[in-house]
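The analysis underlying the following values was restricted to heavy atoms, covering all of them including side chains, and did not include hydrogens, waters or symmetry mates.
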Amino acid sequence: DAGILSPNNPIAQFYGAQQLTPEESDNASIGLVWSGDNWLVTADYYRIKTEDRIALSNFFTVSAADRAALVASGNPEAASISEVQFFVNDFDTTTTGLDLVGSIQTDHFGGDTNYAVALNINDTEVDDFTPGIISDVRVQVLEESLPRTKGYFSANHQRGNWHINGRLNYFGSF
């Protein structure tokens, strides 16, 4: 059996689990807005530094010797466990990004039409982690599993009781 255990579980503590603490973050952002006639344009830059992020640990293989020691110390459920994972506060990240959004309200096709375009550029870097508790693969997933750029174009049209919305999404490579 494999188990995801609470960090308060004695089996998880045998492998180094500790009580979780709240994640902490410092956020800074600045934004600009321009509007004129039927236009609205916004730009937002942000930086989020998060410490003690909560994640699942690597799997720890329960050896026969570990199993015997755990059972002898009053944890009979360890007799059938072969692998364990637990939640940890183990890594720090910094995320920086830029959001750009523009829209215009028009009178097209016998009704009101709103056109909008948006672009997001985002980057997350893992600043610190404990090898062995969090794997290099997990770090790679955090840094590379989301697209660094994404965006959309939408057109929203309303004429009388009719309402039509179309959207094209773009996701950069990841």
Side-chain angles (χ1 to χ4, degrees), residues 1-33 42-101 116-154 167-174:
D1 291 338
I4 297 175
L5 305 176
S6 161
N8 299 331
N9 184 294
I11 298 169
Q13 290 176 347
F14 182 85
Y15 290 98
Q18 298 177 6
Q19 180 70 35
L20 293 176
T21 59
E23 295 179 345
E24 295 182 8
S25 66
D26 292 320
N27 307 304
S29 63
I30 187 167
L32 301 170
V33 176
T42 64
D44 295 287
Y45 172 82
Y46 55 89
R47 180 181 172 99
I48 305 165
K49 186 163 183 64
T50 306
E51 296 178 346
D52 296 328
R53 287 187 61 170
I54 297 172
L56 277 172
S57 71
N58 288 330
F59 275 104
F60 290 88
T61 301
V62 180
S63 68
D66 290 350
R67 195 174 298 112
L70 285 162
V71 170
S73 67
N75 300 288
E77 67 276 15
S80 66
I81 294 180
S82 60
E83 290 184 320
V84 297
Q85 267 186 305
F86 45 88
F87 288 95
V88 294
N89 292 99
D90 191 71
F91 60 96
D92 302 337
T93 60
T94 300
T95 301
T96 54
L98 177 66
D99 288 325
L100 302 170
V101 179
V117 63
L119 174 67
N120 171 259
I121 303 167
N122 197 44
D123 182 47
T124 296
E125 296 291 329
V126 175
D127 303 322
D128 188 33
F129 72 101
T130 305
I133 298 292
I134 300 293
S135 71
D136 291 336
V137 171
R138 176 70 171 133
V139 170
Q140 183 180 7
V141 166
L142 286 165
E143 292 181 337
E144 299 176 14
S145 68
L146 297 174
R148 293 195 189 275
T149 58
K150 57 186 174 181
Y152 73 84
F153 170 78
S154 70
R167 177 178 283 201
L168 296 172
N169 291 306
Y170 166 78
F171 296 95
S173 61
F174 56 95

Spatial distance of atom CG (Asp52) from atom CZ (Phe91) [nearest 0.5 Å] = 10.0 Å

How far apart are the closest heavy atoms of Ile134 and Leu56, and which atoms are they?
-> CD1-O, 3.5 Å

Kindly compute the distance separating CD (Glu83) from CG (Asp1), expressed to the nearest 0.5 Å.
-> 10.5 Å

Which atom pairs, donor and acceptor, lie under 3.5 Å between side-chain atoms of residues 2-14 and protein residues at least two apart or in another chain?
{"from": "Ser6", "atom 1": "OG", "to": "Asn8", "atom 2": "N", "distance (Å)": "3.1"}
{"from": "Asn9", "atom 1": "OD1", "to": "Ile11", "atom 2": "N", "distance (Å)": "2.7"}
{"from": "Gln13", "atom 1": "NE2", "to": "Pro7", "atom 2": "O", "distance (Å)": "3.3"}

How long is the gap from OG on Ser57 to CG on Asp90, to the nearest 0.5 Å?
-> 9.0 Å

d(Thr96 OG1, Glu125 CD) to nearest 0.5 Å is 8.0 Å

Interatomic distance, CD1@Ile133 vs CG@Asn58, rounded to 0.5 Å, equals 7.5 Å

Ring pair (Phe, Tyr, Trp, His ring centres under 6.0 Å) partners of residues 60-87, not counting sequence neighbours, each pair once | Tyr15-Phe60, Phe60-Phe86

Will you find, in the side chains of Thr95 and Thr124, an N or O donor that is under 3.5 Å from an N or O acceptor?
-> yes

Nearest heavy-atom contact between Ala43 and Leu100 is CB-CD2, 3.6 Å

How many angstroms lie between OG1 in Thr93 and CD in Glu51, if you round to the nearest 0.5 Å?
-> 9.5 Å

Least distance between heavy atoms, Asp127 atom then Thr94 atom = OD2-OG1, 2.5 Å

Looking only at non-hydrogen atoms, find the nearest pair between Val141 and Ser145 and report the distance.
-> O-OG, 2.6 Å

For Ser73 and Leu70 the tightest heavy-atom approach is OG-O, 2.9 Å

Derivation of the side chain to side chain donor-acceptor pair (under 3.5 Å) call for Tyr46 and Asn122 | CA-CA 9 Å; Tyr46 55 89; Asn122 197 44; 2.8 Å; yes

Residues Ile81 and Glu77: closest non-hydrogen pair is CG1-O, 3.6 Å

List the steps and the verdict of side chain to side chain contact (heavy atoms under 4.5 Å, CB included) for Tyr170 and Leu119.
-> CA-CA 9 Å; Tyr170 166 78; Leu119 174 67; 5.8 Å; no

Going by the salt bridge (Lys or Arg N to Asp or Glu O under 4.0 Å) test, which pairs reach into residues 11-28, not counting sequence neighbours?
-> none

Using a cut-off of 6.0 Å, state whether more than 12 heavy atoms not belonging to Lys150 lie near its atom NZ.
-> no

